[in-house]
Number of protein chains: 2
Amino acid sequence: MDIIFDKIRESGGRITAIKKALLECFSENHCILSFKEISGFLEKKNFKPNRSTIYRELDLLRKFNVIEKKEISGKSFYEKKGKHHHHIVCVKCKKIEPVLMDNFLEKIEKDISREKDFLILNHNLEFIGKCKKCN
Amino acid sequence: MDIIFDKIRESGGRITAIKKALLECFSENHCILSFKEISGFLEKKNFKPNRSTIYRELDLLRKFNVIEKKEISGKSFYEKKGKHHHHIVCVKCKKIEPVLMDNFLEKIEKDISREKDFLILNHNLEFIGKCKKCN
DNA sequence: ATATTTGCAAACGTTTTGCATAGTG
DNA sequence: CACTATGCAAAACGTTTGCAAATAT
């Protein structure tokens, strides 16, 4: 946590109450969070920042390499950078859960890079289906 | 094509000029198309339907199982149902290209299904990176 | 002191909706 | 004829921006 604070300050960023609360939010939650979940979390901690502030802070944390943004079925989600994983998404209740797995895509990515002359930096993989409850 | 027309009529849908043009659009284009690309195609064929009409038609074609919708980096794309494939997306020029490959995810999907008690119906996989030109 | 952060209001791009009219089966 | 498809205008939705005031360093 303190390391992140230092990193932010070094890059010219300032540690504010909202930023602290946001960092807490991401350290307490391992899986991806929607905008609403994030602002809900902040409200529970008695912060009610303006939407634009939240978006801007999320953007900053992204630039500081603390979190990353994912777009799943047209909506944005934010997630602490960390262990490589994918997600399962329930078509009915929309619940998203993480799935840990080794990076089995590495070999395929090499093939694609060579074949298509395309430098692969990242990938998105979600499995869409029905969770236990909804099925 | 005629099979699709029949299927649509059977389900209570009506064959209109716009629907025909849209079907042409998807049979001429194998990879995913953005909304703008679709309406551009229609304009080239001298159709200028209202946006809402296009969205509604796309929705119908989706219900008739002719096309499917994909959300990539926050935008919607539409694609004819067909051969299983994935996409590479250039972060810079945003160009999207298809990548054909056998369904190597099958085994992994079985594992996830068992482990998470989750029925997998589909998956989304995109490789993000830089194309030859942009790199 | 100065640059960053914040709230507010307004704009933006994409997609959806309600309603009246036109067109298909 | 009955019901679907269409155009139009307006709304909804998530996100971004410009600006002036507040705050961190």
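Keep in mind the model is a prediction, meaning the values are calculated, not measured. Reckoned from all heavy atoms, side chains included, excluding hydrogens, waters and symmetry mates. Order of the sequence lines fixes the chain letters, A, B, ..., with proteins taken first and strands second; residue numbering starts at 1 for each chain.
In this structure, Gly74(B) reaches neither bases nor backbone, as no heavy-atom distance under 4.0 Å exists between it and the strands shown. At a threshold of 4.0 angstrom between heavy atoms, the contacts of Arg56(A) include nucleobase atoms, whether or not backbone atoms are also involved. Counting non-hydrogen atoms under 4.0 angstrom, Lys19(B) reaches the backbone sugars and phosphates but no base.
Atom CZ in Phe35(A) sits about 9 Å away from atom C1' in dT15(D), given to the nearest Å. For the pair Leu42(A) CG and dG7(C) C1', the computed distance is 15 Å after rounding to whole Å. The distance from atom CD of Glu37(A) to atom P of dG14(D) is 13 Å, rounded to the nearest whole Å. Rounding to whole angstrom units, NZ of residue Lys69(B) and C1' of dT16(C) are separated by 10 Å. Summarising the geometry, the separation between CD on Glu57(B) and P on dG23(C) is reported as 15 Å, rounded to the nearest angstrom. Rounded to a whole Å, the CG atom of Leu60(B) is 17 Å from the P atom of dC3(D). The separation between Lys63(A) atom NZ and dT4(C) atom P is 12 Å, rounded to whole Å. We find that CZ of Arg62(A) is positioned 13 Å from C1' of dT16(D), with the value rounded to whole Å.
Each of Glu71(B) and Gly13(B) was matched to the nucleotide of DNA chain C holding its nearest heavy atom; the match closer to the 5' end belongs to Glu71(B). Between Asp59(B) and Pro49(A), the residue anchored closer to the 5' end of DNA chain C is Pro49(A), taking for each the nucleotide with the nearest heavy atom.
Residue Ser76(B) places at least one side-chain N or O under 4.0 Å from the OP1 or OP2 atom of dT15(C). Look at Arg9(B) and you'll find a side-chain N or O under 4.0 angstrom from OP1 or OP2 of dG25(C). Contact check, Tyr55(B) against dT15(C): a side-chain N or O comes under 4.0 Å of OP1 or OP2. At the phosphate of dG7(D), neither OP1 nor OP2 sits under 4.0 Å from any side-chain N or O atom of Ser52(B). Put simply, Thr16(A) has a side-chain N or O that comes within less than 4.0 Å of OP1 or OP2 on dT6(C).
For the residue pair His86(B)/Glu97(B), the side-chain donor-acceptor check at 3.5 Å is not satisfied. If you check the side chains of Glu71(B) and Ser76(B), you find a donor sitting under 3.5 Å from an acceptor. Residues His123(A) and Glu126(B) bring no donor and acceptor atom of their side chains to less than 3.5 Å of each other.
Considering only heavy atoms from C-beta on, Met101(B) comes within 4.5 Å of Ile108(A) through its side chain.
Between dT6(C), dT23(D), dT4(D), one nucleotide has an atom nearer to the side chain of Arg14(B) than all others, and that is dT4(D). Of the candidates dG7(C), dT6(D), dT5(C), the closest approach to any side-chain atom of Ile18(A) belongs to dG7(C). Taking the side chain of Asn50(B) as heavy atoms from C-beta on, and the options dG7(D), dT6(C), dT24(C), the nearest nucleotide is dG7(D). Distances were taken from every side-chain heavy atom of Arg51(B) (C-beta onward) to each of dT14(C), dT6(D), dG14(D); the shortest belongs to dT14(C).
Residues Ile128(B) and Phe118(A) approach most closely at C-CE2, 4.1 Å, considering heavy atoms.
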Lys80(B) vs Asn29(B), test: side chain to side chain donor-acceptor pair (under 3.5 Å). Steps then yes/no. CA-CA 8 Å; Lys80(B) 190 172 60 169; Asn29(B) 295 282; over 6 Å; no

